[in-house]
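Count residues from 1 along the sequence.
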Amino acid sequence: MSAKQGAELTQPGYNVRATGKQRTLLRRLLSQKYLQVMALLGVAWMIIFNYIPLYGSIIAFKQYVITHSIAEAPWVGLDNFKAFFDDEDLPRVIWNTLGISLIKLVIGFPLPILFALFLNELRSIRLKKAVQTISYLPHFLSWVILGGILATWLADVGIINHILMALHLIKEPISYLAEPKYFWGIIVTSDIWKELGWSAIIYLAAIAGVSPDLHEAATIDGAGRFQRMWHVTLPGIRSTITILFILAVSGILNSNFDQILVLRNSLNESASSVIDIYVYQTGIVNNRFSYSTAVGLIKSIIALVLLLIANSVSKKLNDTSLF
């Protein structure tokens, strides 16, 4: 510290200014006390459930058993990782995971955008609210409930078989959940049905932020409704679409564990074995905690790499990125 800075610190005005700033900050915090408490609760939740459990990741490099502490477990290095890459079930697990996730990404990602665009064009406010409410409802039902509903609908005596036979599309009932070839289609379709309306909320909010002046200018130039959607609305929400696409790419190894767990059975196992189910079976069912942690760690590393790649590509193509 220089002599000049030291002299400034000893001046009475310096302490007065510092004390004034502290009082202003304190008054602001007191005026926002409820918001601050909510923020602190969110920070506490993240620390407890996201950061403290990271310590347990070291068991991926140990041979951990539940009867001993993590510190007592012997180190085995990369043996658990090597065992995963040598597992004969690995190709089938990776194939099912990527297959389901890519179909969801290709079909399930653009559908909420289209739904939001067309919903925004509805002129009847009453009809618009009714469609929104109906499309949101499945999101608030857990997969345990929806799984039971789907299992009933898709059974031999379920409503799906009755409808298809009445339309003469099939001659005899089909047990859809017992046939592996139907499983991917059931997973993708039911996921879209459950999350379509809820996923469109973000796009509807982004569309509401598009300036009405742009639509008026396009109308004056003779643009129709579909032309305004393509040339005005879509460019206006491009940044939102890009951010959500980056997040979707980073989560491509996530296959919705809850959904698959309630719909899978021993008959469709060849099509329903994904990484999340594999980790659950090896870790919880077979008590191979170190091995399943290593698999989960590999999955997290791949997700991070995909996030960085998607973010970098997006930044170069349209100058939009997460960071």
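Of the N and O atoms on the side chains of N268 and K181, not one donor lies less than 3.5 Å from an acceptor on the other residue. A donor and an acceptor atom, one from each side chain of N286 and T282, are nowhere located under 3.5 Å apart.
Side-chain atoms of N96 come within 3.5 Å of backbone N or O of R92 as a donor-acceptor pair. At least one donor-acceptor pair closer than 3.5 Å links the side chain of Q227 to the backbone N or O of G224. The backbone N or O of L98 lies less than 3.5 Å from no partner atom in the side chain of S101, so there is not a single donor-acceptor pair. Using modelled atom types, no side-chain atom of S273 and backbone atom of S270 make a donor-acceptor pair closer than 3.5 Å. Distance alone, capped at 3.5 Å, is enough to place a donor-acceptor pair between the T293 side chain and the F289 backbone. Formation of a donor-acceptor pair under 3.5 Å by the T97 side chain with backbone atoms of I275 is found in this model. Formation of a donor-acceptor pair under 3.5 Å by the N254 side chain with backbone atoms of N256 is not found in this model. With N311 contributing its side chain and F323 its backbone, the two residues share a donor-acceptor pair below 3.5 Å. Between the side chain of H139 and the backbone N or O of G197 there is no donor-acceptor pair closer than 3.5 Å.
In terms of heavy-atom proximity, K62 sits nearest to A73 at CD-O, 3.4 Å.
Summarising the geometry, atom CG belonging to L204 is positioned 11.5 Å from atom CD1 belonging to I113; distances are rounded to the nearest 0.5 Å. Atom OG of S272 is separated from atom CZ of F183 by 4.5 Å, given to the nearest 0.5 angstrom.
Note: F245 and F109 have perpendicular aromatic rings, judged against thresholds of 30 and 60 degrees for the angle between ring planes. Classification of the F61-F81 ring pair by plane angle, with boundaries at 30° and 60°, yields tilted.
Taking 4.5 Å as the limit, every side-chain heavy atom of T242 sits out of range of all side-chain heavy atoms of L317.
A continuous path of hydrophobic side-chain contacts links I48 to L54 [ILVMFWY only; heavy atoms under 4.5 Å].
Look at D191 and K194 and you find no salt bridge, because none of the NZ, NE, NH1 or NH2 atoms lies under 4.0 Å from a carboxylate O.
Paired with Y278 under the rule side-chain contact (heavy atoms from CB on, under 4.5 Å), one option of L90, D87, I94 passes, and it is D87.
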Worksheet item: What's the verdict on ring pair (Phe, Tyr, Trp, His ring centres under 6.0 Å) for W153 and Y176, showing C-alpha distance, side-chain angles and the deciding distance?
Response: CA-CA 10 Å; W153 286 358; Y176 291 98; over 10 Å; no

